[in-house]
Amino acid sequence: MKNLVIAVVLLLSANTFAQELNNWQKQKLEKELTQMTEVMELNEKQVKKLTKIKTAQALDADKIMKSVTKGTAEAKKAWQDHGRKFNGQVKKVVSEEQWKTWIDSQNKNKSANNKSKANTAEGLSEQTSAYIQSKGLTSYQLGKVNKELAEMTKVMSLTQEQQIKVVDVKAAQSKRSQKIMKDYAKGSAEQKEAYDKLSKDTSDGLLEATSKKQMNMWWTYRKEMKN
């Protein structure tokens with residue numbers, strides 16, 4: 001099994017399609033393929049086929065993110081078609097028992113993640129939660145803002161007033177990030193410049209919404225979490 005996991009990394013490196021992926025996409029793909037290999041106990045032939053399928057799936061996902069607006073009916077249909085297409089291809093490569101094992105594993109992970117999100121969101125007042133809902137964010141953006149705000153509240157001991165101000169900053173960041181993704185070519189100098197400006201504006205906004213001492217606590221915490 002260890003040799004097959006190593007094979008995933010080697011196959012991704014040699015895969016022609018994978019060369020079109022950025023580092024984040026490659027890392028995500030490597031993690032998923034490794035997990036699939038371990039959970040379903042794939043053989044070498046299956047690993048090779050799934051590496052090609054999942055690489056194509058990552059490229060297709062990138063196209064969807066660039067062509068549709070999150071949260072719309074069009075986006076929902078695009079992602080549903082995307083899932084059916086590639087799940088169907090995977091099911092042709094693995095056995096029925098392996099597929100059931102994989103789905104059971106994913107359902108358990110989803111349940112654990114939902115529980116974790118619920119626990120993370122604790123500590124936010126009803127007023128703050130309602131205010132977040134009023135910002136017109138997509139489901140994905142709402143989850144992300146909720147999670148980070150709860151984390152920031154815990155680390156920085158944010159007041160109710162500070163929470164509201166931070167919501168404004170994080171909601172604006174989410175919307176601008178989505179726009180940058182659509183307006184600029186991926187990996188271009190223009191996109192990098194736009195993201196750099198967004199990062200600076202967000203940092204300035206958070207500093208204004210809280211305090212220098214609190215932000216130093218947050219930055220220290222984030223640095224420790226990455227190490």
Side-chain angles (χ1 to χ4, degrees), residues 22-32 34-35 38-39 61 65 69-72 75-76 79 104-182 191-227:
N22 59 39
N23 289 334
W24 179 81
Q25 289 172 316
K26 286 181 180 179
Q27 290 173 5
K28 184 182 179 189
L29 185 55
E30 180 183 320
K31 181 179 179 180
E32 184 176 11
T34 298
Q35 186 181 16
E38 293 177 335
V39 171
M65 285 190 287
T69 302
K70 286 182 180 179
T72 62
K76 182 178 180 181
W79 286 115
D104 288 344
S105 172
Q106 292 302 290
N107 287 336
K108 288 180 181 178
N109 288 339
K110 185 181 293 185
S111 176
N113 287 336
N114 288 338
K115 184 177 180 180
S116 176
K117 287 180 180 178
N119 291 336
T120 301
E122 290 180 1
L124 298 183
S125 68
E126 291 185 9
Q127 181 182 348
T128 299
S129 297
Y131 188 67
I132 296 173
Q133 292 289 335
S134 73
K135 301 305 291 184
L137 301 174
T138 65
S139 297
Y140 171 78
Q141 291 169 331
L142 282 171
K144 190 173 181 180
V145 171
N146 265 300
K147 180 178 179 180
E148 190 165 8
L149 180 62
E151 197 173 12
M152 293 177 78
T153 298
K154 181 179 179 181
V155 174
M156 301 162 66
S157 299
L158 298 178
T159 65
Q160 173 74 56
E161 183 181 358
Q162 287 177 324
Q163 285 183 351
I164 296 299
K165 290 180 179 178
V166 169
V167 169
D168 287 336
V169 176
K170 299 304 294 183
Q173 180 188 24
S174 294
K175 292 178 180 179
R176 280 180 61 184
S177 179
Q178 182 180 11
K179 190 173 188 306
I180 289 171
M181 188 181 295
K182 292 184 65 176
Q191 187 186 62
K192 182 180 184 303
E193 183 179 353
Y195 275 127
D196 287 343
K197 187 176 188 310
L198 173 59
S199 179
K200 182 181 184 306
D201 290 345
T202 300
S203 293
D204 290 344
L206 290 175
L207 188 57
E208 185 177 343
T210 58
S211 71
K212 188 173 182 180
K213 181 180 179 180
Q214 286 173 306
M215 285 308 300
N216 283 334
M217 292 170 62
W218 176 246
W219 288 325
T220 299
Y221 168 78
R222 296 289 292 175
K223 185 176 180 181
E224 290 175 349
M225 291 295 290
K226 288 181 180 179
N227 294 335

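Starting from 1, each residue takes its place in the sequence as its number.
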Do V155 and Q214 touch side chain to side chain, with heavy atoms closer than 4.5 Å?
no

Can you see which heavy atom on W79 is nearest to which on M65, and at what distance?
CZ2-CG, 3.7 Å

CH2 (W219) and OG (S203) are apart, to the nearest 0.5 Å, by 5.5 Å

Candidate list M152, E151, M217, test side chain to side chain contact (heavy atoms under 4.5 Å, CB included), partner R222, passing option:
E151

Within the side chain of S199, is there an N or O that forms a donor-acceptor pair under 3.5 Å with the backbone of D196?
no

Please walk me through it: do M215 and M156 pass side chain to side chain contact (heavy atoms under 4.5 Å, CB included)?
CA-CA 7 Å; M215 285 308 300; M156 301 162 66; 3.6 Å; yes

Heavy-atom check, side chain of L206 versus side chain of K170, under 4.5 Å
yes

Quick check: are there more than 12 heavy atoms from other residues, nucleotides or ligands sitting under 6.0 Å from CD of E193?
no

For S177 and Q173, indicate whether the former's side chain and the latter's backbone hold a donor-acceptor pair under 3.5 Å.
no

Closest non-hydrogen atoms of V169 and T202, given as atom of the first, atom of the second and distance, are CG1-O, 3.7 Å

Residues passing the salt bridge (charged side-chain N to carboxylate O under 4.0 Å, His left out) test with E32, sequence neighbours excluded, are K54

Are the side chains of L158 and L149 in touch, meaning some heavy atoms are under 4.5 Å apart?
yes

List the residues meeting side-chain contact (heavy atoms from CB on, under 4.5 Å) with D104, not counting sequence neighbours, and say none if there are none.
K100

Sequence neighbours left out, what passes side-chain contact (heavy atoms from CB on, under 4.5 Å) with K212? Give chain and number order.
L207, N216

Going by salt bridge (charged side-chain N to carboxylate O under 4.0 Å, His left out), name the residues that satisfy it together with K175, two or more places apart in sequence or in a different chain.
none

Would you say the side chain of R176 lies within less than 4.5 Å of the side chain of D201, judging by non-hydrogen atoms?
yes

Once you round to the nearest 0.5 Å, how far does OG1 of T153 lie from CD of E148?
10.5 Å

Among all residues two or more places apart in sequence or in another chain, which pass the side-chain contact (heavy atoms from CB on, under 4.5 Å) test with S174?
L137, Q141, V145

So do D204 and E208 actually touch side chain to side chain, heavy atoms under 4.5 Å?
no

Inspect the surroundings of NZ in K144 and state if more than 12 heavy atoms from other residues, nucleotides or ligands are less than 6.0 Å away.
no

Separation of Q191 CD from I180 CD1 (nearest 0.5 Å)
7.5 Å

Excluding sequence neighbours, so at least two apart, what forms side-chain hydrogen bond (donor to acceptor under 3.5 Å, both in side chains) with T69?
K182

